[in-house]
Amino acid sequence: MVHTFRAMPELPEIEHARRVAHDALDGRRITRVQAFHATTRRALTPTTRRRLEGQRVLAVTRRAKYQLLELENAYVLEVHFRMTGDWAVGSAADPVDALERARFTLDNGARLSLLDGRAFASLRLHAPGRVRLPPLGPEPLDAAFTPVVLAEQLRGRRGPIKPVLLDQRVVAGLGNIYAAEACWVARIDPRTAAHSLGAVRVARLTAGIKHVLEHAPVGRYYQRPATVGERVVALGEGNSDDDWRVYDREGQPCLRCARPIVRTVQSGRSTYWCRGCQR
DNA sequence: CACTTCCTGCGC
DNA sequence: GCGCAGGAAGTG
């Protein structure tokens, strides 16, 4: 019943969550909105709750890591999981979970609950026709996200590539883990000035971003080689130590060249990478 | 540009 | 029992 993500929710996990929410909410009416934590109470004020209660949910859509609940009255509830947010579906009769921060009770006796250990998730209600999300770059999994597009996004960015990849205006939906993973797959030194990457490395990076996002960490992750002719290394099943190719592997041998993975800090965030094969 | 803030579970 | 981790907004 209660399930939480084993990893930070990044794009693939958000897309999955969106589907969960859509399946639970589609065509249903929200009968009650509850907040169980100071952070969700701040967002779900009595006025906001009143605008949600009684409304049918027409659709749940996604842009970057934002989920948008579109209501019958044309209000749109924006949900962002940040680090530990997740949906749980159950019965309205279920007791409140320790990590449950908000609950939407539905007209069919079901509930959709926001679980969020660290309580960083954000909820925001947009008035009809007034949905405003922060500036967001291209969706990395769109066919339109090509090396040419990424190159354009990197133009004029003098900072190191890995922190630049975390900027949602450059690419929408990459987090700290997959930014590091993408650099590893593309064999790019995360400290490289973004604008100095040539066409070849931008192409590798584009492919690497799509690759890490298209492959869920556990088991299925990394079924194909990063580049043609490269050795494929199967990751273990169900062992969280093996979820990532480079992230959180400080001191462990690089899966490609066996040199120890190092951890450095960029813009206050840890970066894991290989000094041997990432140039 | 980078650092700090918000929060709390979890690893040391 | 401390301090880190993380996304993104906010600040220097």
Side-chain angles (χ1 to χ4, degrees), chain A residues 2-15 17-18 35-44 62-68 78-88 96-102 113-124 126 131-137 139-140 153-183 190-196 209 212-213 217 239-241 243-244 246-252 261-273:
Chain A
V2 172
H3 109 275
T4 33
F5 287 119
R6 303 171 67 253
M8 294 307 142
E10 297 207 36
L11 261 200
E13 294 88 349
I14 300 301
E15 181 52 30
R18 184 204 64 77
F36 307 115
H37 189 275
T39 54
T40 46
R41 268 193 293 271
R42 276 198 290 272
L44 299 171
R62 179 190 66 75
R63 170 74 171 107
K65 285 182 270 190
Y66 297 89
Q67 295 171 74
L68 302 172
E78 166 201 314
V79 180
H80 194 301
F81 282 169
R82 310 289 162 171
M83 274 91 61
T84 52
D86 194 8
W87 296 122
V96 178
D97 188 275
L99 300 180
E100 191 171 345
R101 306 307 186 203
S113 300
L114 172 66
L115 304 188
D116 184 23
R118 291 179 192 170
F120 263 28
S122 62
L123 300 164
R124 208 174 120 205
H126 297 267
V131 179
R132 294 284 182 279
L133 296 179
L136 295 166
E139 289 281 333
Q153 294 299 102
L154 298 181
R155 207 151 56 92
R157 304 296 302 241
R158 308 186 66 86
I161 183 61
K162 190 265 189 172
V164 165
L165 289 178
L166 295 179
D167 188 332
Q168 301 297 297
R169 295 169 298 183
V170 174
V171 189
L174 269 195
N176 197 47
I177 296 172
Y178 287 169
E181 295 286 298
C183 287
R191 303 168 302 176
T192 312
H195 72 294
S196 75
I209 289 168
V212 298
L213 291 175
N239 180 350
S240 63
D241 290 349
D243 279 357
W244 315 113
V246 67
Y247 180 80
D248 205 22
R249 297 181 75 100
E250 184 178 15
Q252 297 178 47
I261 298 302
V262 297
R263 187 186 85 95
T264 53
V265 174
Q266 295 179 295
S267 318
R269 300 231 111 59
S270 57
T271 296
Y272 297 87
W273 59 289

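Residue numbers start from 1 in every chain, and the chains themselves are labelled A, B, ... in the order their sequence lines are given, proteins ahead of strands. Scope of the values below: all heavy atoms of this structure, side chains included, with no hydrogens, waters or symmetry mates. Because the structure is predicted, anything quoted here is derived from the model rather than measured.
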pair [X]-[Y]: side-chain heavy atoms closer than 4.5 Å:
X	Y	value
A:Leu154	A:His195	no
A:Glu250	A:Tyr272	yes
A:Lys162	A:Trp273	no
A:Arg101	A:Leu123	no
A:Ile177	A:Val212	no
A:Ile209	A:Tyr178	no

d([atom1], [X]; [atom2], [N]) in whole Å:
X	N	atom1	atom2	answer
A:Gln67	C:dG7	CD	C1'	15 Å
A:Arg124	C:dA9	CZ	C1'	11 Å
A:Ile177	C:dA5	CD1	C1'	10 Å
A:Tyr272	C:dC4	OH	C1'	10 Å
A:Gln266	C:dA5	CD	P	14 Å
A:Tyr66	C:dA9	OH	C1'	9 Å
A:Leu136	C:dA9	CG	C1'	13 Å
A:Leu133	C:dG7	CG	P	18 Å

**Report entry** Flag, side chain of A:Gln266 to backbone of A:Pro190, donor-acceptor distance under 3.5 Å
**Finding:** yes
May I ask you to say what [X] touches in the nucleic acid, namely base, sugar-phosphate or nothing, with a heavy-atom cut-off under 4.0 Å?
X	answer
A:Arg263	sugar-phosphate
A:Ser270	sugar-phosphate
A:Gln168	sugar-phosphate
A:Arg169	nothing

Report summary line: Protein-proximity profile, nucleotides 6-12 of chain B, B/S/- by nucleotide at the 4.0 Å heavy-atom cutoff, equals BBBB---
Requested in this report: Give the minimum heavy-atom separation between A:Gln153 and A:Arg169, together with the two atoms involved.
Outcome: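 Closest approach of A:Gln153 to A:Arg169: NE2-O, 2.9 Å.
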Query raised in the report: To the side chain of A:Arg157, which of B:dC1, C:dG7, B:dA2 is closest?
Result: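 Out of B:dC1, C:dG7, B:dA2, the nucleotide with an atom closest to A:Arg157's side chain is B:dC1.
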Query raised in the report: Where the side chain of A:Pro134 is defined as all heavy atoms beyond and including C-beta, which of C:dA9, B:dC1, C:dG7 is the nearest nucleotide?
Result: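 Per side-chain heavy atoms of A:Pro134, the pick is C:dA9.
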Query raised in the report: What is the distance from atom CG of A:Leu99 to atom OG1 of A:Thr84, rounded to the nearest 0.5 Å?
Result: 8.0 Å
Report summary line: Axis-to-axis angle across the helix from B:dC1-C:dG12 to B:dC12-C:dG1, five pairs each end, nearest 10 degrees, ~ 60°
Report task. May I ask you to verify if any side-chain N or O of A:His80 is less than 4.0 angstrom from the OP1 or OP2 atom of C:dA8? Result -> yes
Query - Atom CZ of A:Arg63: over 12 foreign heavy atoms under 6.0 Å - result: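 Atom CZ in A:Arg63 is crowded, with more than 12 foreign heavy atoms closer than 6.0 Å.
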